[in-house]
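These notes are about the structure you will find just below.
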Amino acid sequence: MRIPRAGSSPEQEAMLLLHQCNTLDHLRQVQALILKSSLHRHPFLLAKFLRRCFSLPSPEALPYGLSLFHHHPNPDGFLCNTAIAAHLRAGRPAESLRLFRHMQRLAITVDSFGVSLAVQGGAGCRDARAGCVLHGQAAKRGFSADVFVQTALVEMYAKTGGISMARQLFDEMPRRDLVAHNVMLGEYVSCGEIAAARKLFEEMPSRDLVSWNTMIHGLAVSGDLAGAREIFERSRERDVISWSSMISGYARRRLPGEALELFREMQVAGVSPDKVTMASLLSAAGDLGALATGRMIHDYVNKNRMEMDVKLDTSLLDMYAKCGDIESSLVVFERMNERDVFAWSAMIAGLANHGRAEYALELFSEMLSQGVEPNGSTFVGVLSACNHAGLVSRGRAYFNSMAGVHGIAPTIEHYGCLVDLLGRAGHLHEAREVIMAMPVEPDAVLWRALLGACRVHKNLELAREAAIELVKMEPWVEGHYVLFSNVLAQASRWDGVAGVRRTMKESGIKKVPGSSSVEVDGVVYAFIAGDRSHPRSEEIYAMLDEMNWSTGKKLTGDVAGAVEDDDFSGWSNESELAS
DNA sequence: ATAGGGTTAG
């Protein structure tokens, strides 16, 4: 910290020093100076001090500044606005509203900036009532032509469910600047009105990166990746957000290859990825089961000292779990200092998929005892853990606790787990009852689970019912016919087996070989049953025989080739350089 | 004042 020069007034010294404060420590030193010079009543200085406090990145600076603010004997409107804005930035809209009301009670003059902040607070808490009251006040105070106030109102109405009211207000604005357009565009995207967003986007008098990126993201989340890509290609300027929006769009739509390919192009274009890009890439790598790729992304994050957060950690632990490295997944999870419902759910599902049901359920109780509320996805993991471990009564209990304790309506995924759990355990009729009584339409997965259970527990009658439903829903899936004919063969109903074969032949259904894939040394190999295309297939089958896993089936169909997973040209070089 | 990321049955 610079020592104040002698000769200038203490006020000037303090003001100068404030500008140089980059940490809370620095601010505390200046505060000591202010107190020593009895300047703590100096309104302008204190306001400057608090503004500096509120703008520091340190998480302790905000409460520190607020506590000082609350001791201020007579704060003016300007200072109050600063504090309200600080609450908004900290993601505490309710507090910002509270402070605004407090300010009104003290009869402090409210300017248009204060009103616009309060309206943002109302939008943040989805408080339509507060929003309407503020709208009235804004009109009374003559802020009907203020762009900031009107833009905030547009956002508030959209976020509290009144998108058409928002549009009406937007249209009535005497002057609509670029930000107002972008807000309207973003709100259309948020409420899923992608056609309206597109129309507005095309009609806008001018567009900036925010407009383009909002549109790319909107189209991508609406599932229209081709449309998103079109806008992406049309945009002249592309920043890390444009690329990340496109990449996450592919990753979310389970097109991990496209996501990784676009990342390669992003590097060629010379745009540096950040932690948000990394999170999407990890999810793509997990989808592919590409452990080497996942590790490379992890290394990149470490080497570039990217700041970790819950989202990045969750995608990291999920990647490791999906790639079979559950130990690394647990290491990440245990290292995390903040765990939200997403992190817990991902870890629980990962353990469940690795057959570690007991540990998964243990984590679930730990999550509850820490006061983290589960959501629907959490229960998918919990039920799937019960399923893998054959824990029927506990599974039932967890299922019932969803609605009973946590107020979560089970969806088709949960019913799927339950039916599978009951069916595998031999409770075929109970499984069928669940399907019949559920408030949602059964899908093929449910009937397929029941049919599979019927095969294991040899129930021809129920199998027939399930098979009929399956063929009604998905007549093109050859697996359904094959599975049912297996049940028939088991019961020595050879006439039936022949009948199924005939039906398949008549409807032109062929058995397509399914394939699996595994990554070895960064190369993903796809293979089919009986595949002998690998140069060392003799060794592989010898090992399978040794492990008694070989089905003994003969080679069928064509051979799927190896897919290169390791073609990140320049990746390792760049991370070396950047480290 | 406005834009991007993580979990989800078989």
Side-chain angles (χ1 to χ4, degrees), chain A residues 85 88-89 113 116-117 119-120 123 146-156 177-187 189-190 208-218 220-221 239-249 251-252 273-284 286 309-319 321-322 339-350 352-353 374-388 410-421 423-424 443-453 479:
Chain A
L88 277 179
R89 259 203 317 276
F113 187 55
S116 87
L117 290 171
V119 173
Q120 286 178 63
D146 185 283
V147 220
F148 279 63
V149 171
Q150 295 305 309
T151 304
L153 284 170
V154 166
E155 188 189 346
M156 185 277 294
D177 63 3
L178 183 53
V179 176
H181 277 91
N182 285 341
V183 166
M184 192 67 234
L185 189 67
E187 294 306 330
V189 163
S190 298
D208 63 0
L209 252 177
V210 176
S211 336
W212 287 94
N213 291 345
T214 304
M215 207 56 229
I216 293 167
H217 168 247
V221 295
D239 65 357
V240 60
I241 296 181
S242 332
W243 288 94
S244 302
S245 303
M246 204 60 233
I247 290 171
S248 72
R252 254 200 301 249
D274 61 11
K275 60 176 181 174
V276 179
T277 327
M278 292 296 129
S280 294
L281 290 174
L282 285 167
S283 137
D309 60 23
V310 225
K311 289 178 171 138
L312 189 52
D313 278 332
T314 302
S315 56
L316 193 56
L317 81 85
D318 182 58
M319 179 280 294
K322 287 196 172 122
R339 296 175 195 138
D340 62 7
V341 62
F342 287 84
W344 286 100
S345 305
M347 196 66 250
I348 289 167
N353 291 332
N375 63 19
S377 317
T378 321
F379 276 101
V380 171
V382 167
L383 293 172
S384 120
C386 295
N387 199 354
H388 290 307
T411 62
I412 194 94
E413 288 88 357
H414 305 108
Y415 284 105
C417 290
L418 184 63
V419 166
D420 203 34
L421 174 64
R424 278 178 205 272
D443 64 359
V445 174
L446 276 142
W447 290 115
R448 184 35 247 229
L450 187 62
L451 180 55

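Letters A, B, ... mirror the listed sequences (proteins, then strands); counts begin at 1.
For B:dA1, the base is stacked against the aromatic ring of A:Phe148, per a cut-off of 5.5 Å between centres and 30° between planes.
Among the atoms of the strands shown, base atoms are found under 4.0 Å from some heavy atom of A:Ser377. Using a 4.0 Å heavy-atom criterion, one finds that A:Asn353 contacts no nucleic acid atom at all. Among the atoms of the strands shown, none is found under 4.0 Å from any heavy atom of A:Val189. Counting non-hydrogen atoms under 4.0 angstrom, A:Arg89 reaches nothing in the nucleic acid.
No hydrogens or angles were tested; on distance alone, a donor-acceptor pair under 3.5 Å links the side chain of A:Asp309 to the base of B:dG5. In terms of polar N and O atoms assigned as donor or acceptor, the side chain of A:Thr314 comes within less than 3.5 Å of the base of B:dG6 in a complementary pairing. Remark: the A:Ser245 side chain and the B:dG4 base include no donor-acceptor N/O pair separated by less than 3.5 Å.
The nucleotide whose nearest atom lies closest to any side-chain atom of A:Arg252 is, among B:dG6, B:dA9, B:dT2, B:dG6. In the set B:dG5, B:dG4, B:dT7, B:dT7 carries the atom at the smallest distance from any side-chain atom of A:Ser345. Closest to the side chain of A:Ile412, from the set B:dA3, B:dA9, B:dT8, is B:dA9. Taking every side-chain heavy atom of A:Cys417 into account, B:dA9 is the closest of B:dG4, B:dA9, B:dG6. Among the nucleotides B:dA3, B:dT7, B:dG5, the one closest to any side-chain atom of A:Ile241 is B:dA3.
Taking the salt bridge (Lys or Arg N to Asp or Glu O under 4.0 Å) definition, one finds that A:Arg252 meets it with nothing, sequence neighbours left out.
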